[in-house]
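Since we're looking at a predicted model, the values are computed, not measured.
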Amino acid sequence: MAFLGTAARRVMACQKPLLPLCHATTRCYSSQSTHTTEKSVPYEKTLKQEDGISGPTKPLPKFADVVVIGGGSLGCQTLYHLCKLGMTNVVLLERDRLTAGTTWHTAGLLWQLRPSDTEVELLAHTRNVISSELEEETGLETGWIQNGGLFIASNKQRLDEYKRLMSLGKAYGIESYVLSPAETKDLYPLMNVKDLYGTLYVPKDGTMDPAGTCTTLSRAATARGATVIENCPVTGIQIKVDDLGIKRLKAVETAHGTIQTPCVVNCAGVWATKLGKMAGVNVPLIAMHHAYVVTERIEGIQNMPNVRDHDASVYLRLQGDALSVGGYEHNPIFWEDVSDRFAFSLFDLDWDVFMQHIDGAVNRVPALEQTGIKSTVCGPESFTADHKPLMGEAPEVRGFFLGCGFNSAGMMLGGGCGKELAHWIIHGRPEKDMYGYDIRRFHHSLTNNNRWIRERSHESYAKNYSVVFPFDEPLASRNMRKDPFHQVLQEQGCVFQERHGWERPGWFNRDGPAPILDYDYYSAYDVPKNNDYKYSEILGKEYTFDFPPHHYVIRDECLTCRNAVAVFDMSYFGKFYLTGPDAKKAADWLFTADVNKAPGSTVYTCMLNKRGGVESDLTISRLEPSPAHLPLTPESNGEAYYLAIGGGVAQHNWSHIQAVLQDQGFCCTLIDHTEDMGMISIQGPKSRVMKQTTHKIVLFSFFLFCMGWELHIPKESCLPVYHAVMAAGAKYGICNAGYRAIDSLSIEKGYRHWHADLRPDDTPLEAGLAFTCKMKTSIPFLGRKALEAQKAEGLRRRIVCFTVDEKVPMFGLETIFRNGVPVGHLRRSEFGFSIDKTIGYGYIRNPDGGVVSPDFVRSGEFTLERMGVTYKATAHLKSPFDPENKRVKGIYG
């Protein structure tokens with residue numbers, strides 16, 4: 001018998017790899033082999049194809065409202081939720097049998113707590129569907145087992161992260177406990193606790209069965225009118241171009257017939273990239289081997305919780321009286337040539353890669369040292385650049401939706417994501433804030449960049465179990481997009497952040513330049529390690545839930561802006577022009593504010609979806625209707641507008657505007673000049689006397705925390721202008737400042753950050769932005785009806801500012817208590833240097849379900865819980881710093 005510890009090492013020493021792990025190069029990055037072997041997985045049944053069965057299991061219809069392609073977890077969940085929302089003429093096509101490809105061999109773990117409020121909500125829905133809803137609806141069991149979950153902390157930082165999760169869970173009513181090593185031993189007697197700081201125990205976590213879940217989902221969907229067709233590979237996607245030149249979905253082709261449809265959902269997992277190519281859609285994911293082993297029987301393991309030992313990068317899944325042992329390594333094997341014939345097959349396990357997980361597992365549960373290995377499971381999984389799924393309508397083709405790239409989490413996220421995707425298809429947008437999963441979060445220049453996809457997906461895989469620190473940055477695929485100021489700022493010590501592929505200034509290090517180097521794959525695959533890597537070392541110092549060591553540097557940047565003058569490079573901002581015969585109609589419909597002011601004026605506004613949720617906040621400048629008189633300004637005989645948009649969400653904004661223009665049939669042109677212009681913001685009380693240095697360049701006033709102004713500059717003029725500004729400001733003590741300072745300065749002023757304290761599931765009324773809405777006019781705009789209904793009904797939740805007197809850092813996700821009852825959590829938090837306090841913003845609700853009025857806020861006593869410790873907080877209905885906006889107007893004193 002092979003034992004998990006000693007015998008596995010013997011196997012590794014003598015076994016010849018059955019699969020070549022590299023090809024022409026000397027570095028071992030990937031597998032090209034098509035040879036696979038079939039092995040058992042730890043489930044009572046799979047839905048494997050029986051010999052002798054060929055051809056579709058049902059006749060193909062001529063037409064369907066939606067065709068879901070792929071019968072794994074996400075495909076079945078999406079089909080089920082489409083039917084739950086009332087659709088019946090929907091079809092699921094599976095090239096083999098349900099669960100084929102990746103779902104059938106997944107570990108099936110479900111953990112309720114994640115460092116994301118949206119993901120906590122998605123996981124809660126999956127758990128509800130799997131553990132109760134499906135069984136109540138169908139009378140069939142899904143295979144759900146509630147055996148609990150245990151997260152292992154081997155150091156203080158890890159335990160701090162778990163305490164953050166525990167505090168967030170209180171806002172959602174999720175039962176969890178931080179246990180001492182001794183309490184952990186009582187719960188899990190076979191565990192080695194000598195090296196533990198503590199653990200996080202969540203009693204209602206559990207395990208799902210892929211075959212049981214997908215079978216039950218498909219039966220529930222077909223009972224509601226859906227059609228599930230197996231053994232029917234898709235061979236092509238037909239696209240049509242309408243009268244406005246817009247690409248739209250037309251039909252799905254198979255060897256057995258064609259289905260006319262306006263909507264396809266790509267749930268093809270590892271094969272999603274190939275399916276996307278059929279429609280001309282980029283699907284930025286990559287396939288890798290992912291493995292676990294199943295042990296023989298272990299005495300005393302029955303009923304134990306599933307375990308995640310993040311610091312050892314290993315998980316232990318209870319399998320009756322045995323364990324499945326797997327993890328995430330720094331040197332995963334890429335699957336280069338994805339085979340269309342791969343269905344219920346597995347790869348041979350590479351012990352050289354997997355052995356690191358054996359060592360971690362044996363350390364945590366020493367009984368494994370003498371436990372036999374029953375089977376090995378090594379199958380393909382799809383991974384993405386940020387370890388988040390790819391969802392939503394593809395920007396290239398209307399009606400082509402993505403539901404893929406789930407990074408081994410397709411089972412546990414499937415229920416929540418299937419529901420949101422169904423809502424997305426039917427209503428145009430999801431109910432929750434799904435921007436973190438939306439394909440439009442990636443700039444179009446990246447989604448077909450193989451280097452970016454490969455490097456970032458590798459890093460995300462390798463860091464999957466790393467502590468999620470507030471200010472971490474990727475090391476992979478950096479310097480993809482650089483503005484004209486990049487080199488001069490780097491020479492002055494700029495520590496850059498990556499957003500949307502751009503390098504933007506984070507803060508300015510006083511110890512000289514910290515350039516970003518080519519990715520070294522964390523020295524995997526024989527790639528030489530980047531030694532003496534200053535940028536990486538600086539990031540390492542930020543790996544804390546306390547104030548970072550350079551807290552004082554960011555303070556000085558903020559206070560220089562408040563008291564003198566600072567310059568911010570904001571060139572990564574999206575810079576669009578909206579022109580054309582229907583530009584005014586489009587602007588009236590798109591933007592909540594009345595942007596038709598005097599030419600040259602600038603207005604802060606929002607864009608909404610049909611439900612009144614905020615899809616964007618941005619600034620609009622109305623231009624003179626005349627021939628181009630400024631650099632890059634398009635010639636226009638009618639109305640024209642200049643849009644300045646946060647750079648990290650520029651693709652999202654572009655896609656949203658284009659979709660609205662298409663849906664409404666407006667005759668407009670949207671022009672992107674982001675790459676052609678630089679943008680610097682000069683702010684502070686001394687900025688007034690510097691304004692004379694601007695000369696003939698584009699001048700606007702947009703995102704200001706103090707009195708100030710902005711320069712929007714053709715890229716060839718950026719450096720001369722920058723040097724002129726710095727020279728003019730030298731006698732006033734001008735300094736460079738970055739986005740870490742902007743985060744602090746903006747939260748002091750109560751300015752919203754989209755996708756933090758302002759999201760698609762928030763309305764302007766809830767977010768305190770009613771002033772951006774032209775509700776007193778009769779001008780219709782997208783989302784107006786929803787706002788009118790909400791205003792008449794009263795707000796059921798509202799954003800509130802909180803300050804804490806104690807010098808304690810907060811980063812968001814801290815639970816808000818009113819009179820001892822949880823009423824929400826912070827979305828965003830920063831330290832406000834001007835008031836010398838921590839500031840946080842969060843949306844609160846009334847536990848009784850009633851209206852959240854200003855009096856409800858004023859009458860409550862509030863506390864914030866951070867990592868299990870509560871702090872008294874003061875609630876504010878206006879920003880605590882300069883609430884009357886006097887400083888922005890130049891009124892000091």
Taking it one step at a time, do V270 and F342 satisfy side chain to side chain contact (heavy atoms under 4.5 Å, CB included)? CA-CA 10 Å; V270 165; F342 201 101; over 6 Å; no
Begin from the C-alpha positions of F862 and I816 and carry the test side chain to side chain contact (heavy atoms under 4.5 Å, CB included) through to its verdict. CA-CA 7 Å; F862 290 91; I816 304 166; 3.9 Å; yes
What's the verdict on side-chain hydrogen bond (donor to acceptor under 3.5 Å, both in side chains) for T863 and T870, showing C-alpha distance, side-chain angles and the deciding distance? CA-CA 6 Å; T863 57; T870 57; 5.5 Å; no
Would you check, one step at a time, whether the test side-chain hydrogen bond (donor to acceptor under 3.5 Å, both in side chains) holds for Y521 with E455? CA-CA 7 Å; Y521 283 88; E455 290 186 359; 4.5 Å; no
After noting the C-alpha distance and the side-chain angles of Q146 and W144, does the key distance pass the side chain to side chain contact (heavy atoms under 4.5 Å, CB included) rule? CA-CA 7 Å; Q146 183 178 297; W144 166 256; 3.6 Å; yes
Kindly determine whether N363 and D309 satisfy side-chain hydrogen bond (donor to acceptor under 3.5 Å, both in side chains), including the steps that lead there. CA-CA 10 Å; N363 174 65; D309 190 339; 5.1 Å; no
Please assess L109 against W111 for the test side chain to side chain contact (heavy atoms under 4.5 Å, CB included), listing each intermediate value before the final yes or no. CA-CA 7 Å; L109 299 165; W111 318 93; 3.7 Å; yes
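Within the structure, salt bridge (Lys or Arg N to Asp or Glu O under 4.0 Å) contacts touching residues 111-125 (residues at least two apart or in different chains) are R114-E119, D117-R759, D117-R827, E119-K388, E121-K432. Every pair passing salt bridge (Lys or Arg N to Asp or Glu O under 4.0 Å) that includes a residue from residues 158-173 is listed here, sequence neighbours excluded: K156-D160, R158-E161, R158-D311, R164-E814, K170-E865.
Not one N or O on the side chain of S324 forms a donor-acceptor pair closer than 3.5 Å with the backbone of V294. Side chain of N407 to backbone of A409: no donor-acceptor contact under 3.5 angstrom is found. With E369 contributing its side chain and P366 its backbone, the two residues share no donor-acceptor pair below 3.5 Å. Although no hydrogens or angles enter the test, the distance criterion places no donor-acceptor pair under 3.5 Å between the side chain of S313 and the main chain of H310. Remark: side-chain polar atoms of R364 are paired, donor with acceptor, to backbone N or O of N192 under 3.5 angstrom. Side-chain atoms of S460 come within 3.5 Å of backbone N or O of A385 as a donor-acceptor pair. Not a single donor-acceptor pair under 3.5 Å links the side chain of T199 to the backbone N or O of Y201.
Enclosure of atom CD in E141 is not indicated, since only 12 or fewer non-hydrogen atoms of other residues, nucleotides or ligands lie within 6.0 angstrom. For K194, the NZ atom is loosely surrounded, since the number of other residues' heavy atoms within 6.0 Å does not exceed 12. Other residues, nucleotides and ligands contribute over 12 non-hydrogen atoms within 6.0 Å of the CG atom of N128. Residue R219 qualifies as open at atom CZ: its count of foreign heavy atoms under 6.0 Å is 12 or below.
F347 and H289 have parallel rings, their planes meeting at less than 30° on a 0 to 90° scale where 60° marks the start of perpendicular. Classified by interplanar angle (parallel below 30°, tilted 30° to 60°, perpendicular above 60°), the ring pair Y525/F334 is tilted. Ring pair F383/Y461 is perpendicular by interplanar angle, where above 60° counts as perpendicular and below 30° as parallel.
Looking at heavy atoms from C-beta onward, K419 lies in side-chain contact with E431 at the 4.5 angstrom threshold. Counting heavy atoms from C-beta on, the side chains of N306 and Y315 never come closer than 4.5 Å. Side-chain contact between L285 and S457: absent, with no pair of heavy atoms (C-beta onward) separated by less than 4.5 Å. Side-chain contact between T213 and C76 is absent, with no heavy-atom pair separated by less than 4.5 Å. Looking at D472 and Y543, their side chains come closer than 4.5 Å, going by heavy atoms from C-beta outward. The shortest side-chain heavy-atom distance between V808 and M810 falls under the 4.5 Å cut-off. Annotation: side chain of Y522 is in contact with side chain of L475 (closest heavy-atom distance under 4.5 Å). You'll find the side chain of L74 reaches within 4.5 Å of the side chain of L421, heavy atoms only.
Of the inter-residue distances, the one linking C214 atom SG with M208 atom CE reads 10.0 Å to the nearest 0.5 angstrom. Taken from CE in M867 to OH in Y162, the straight-line distance is 14.5 Å, to the nearest 0.5 Å. Interatomic distance, F354 CZ to H290 NE2, rounded to the nearest 0.5 Å: 8.5 Å. For the atom pair CG of L318 and CG of L150, the computed distance is 12.5 Å after rounding to the nearest 0.5 Å. Rounding to the nearest 0.5 angstrom, the gap separating the NE2 atom in H458 from the OH atom in Y519 is 4.5 Å. With rounding to the nearest 0.5 angstrom, the OH atom of Y871 is 9.5 Å from the OG1 atom of T838.
Of all non-hydrogen atoms in Y328 and S408, the two that sit nearest each other are OH-CB, 3.2 Å. Taking each heavy atom of T106 and P210 in turn, the nearest pair found is CG2-CG, 3.7 Å. Contact between L813 and S116 at its shortest, heavy atoms only, is CD1-N, 4.2 Å. Across S167 and G868, no two heavy atoms sit closer than the pair OG-N, 2.9 Å. The shortest non-hydrogen separation linking L390 to T384 is CG-CG2, 3.9 Å. Considering all non-hydrogen atoms of both residues, A873 and L864 come closest at CB-CG, 3.8 Å.
Of the candidates S73, P389, S382, P389 is the only one forming a side-chain contact (heavy atoms from CB on, under 4.5 Å) with F406.
We find that R866 and E806 are not joined by a salt bridge, their nearest charged nitrogen and carboxylate oxygen being 4.0 Å or further apart. Using a 4.0 Å cut-off between charged side-chain N and carboxylate O, K463 and D386 make no salt bridge.
Applying the side chain to side chain donor-acceptor pair (under 3.5 Å) test to D321 and every residue at least two apart in sequence or in another chain returns R297.
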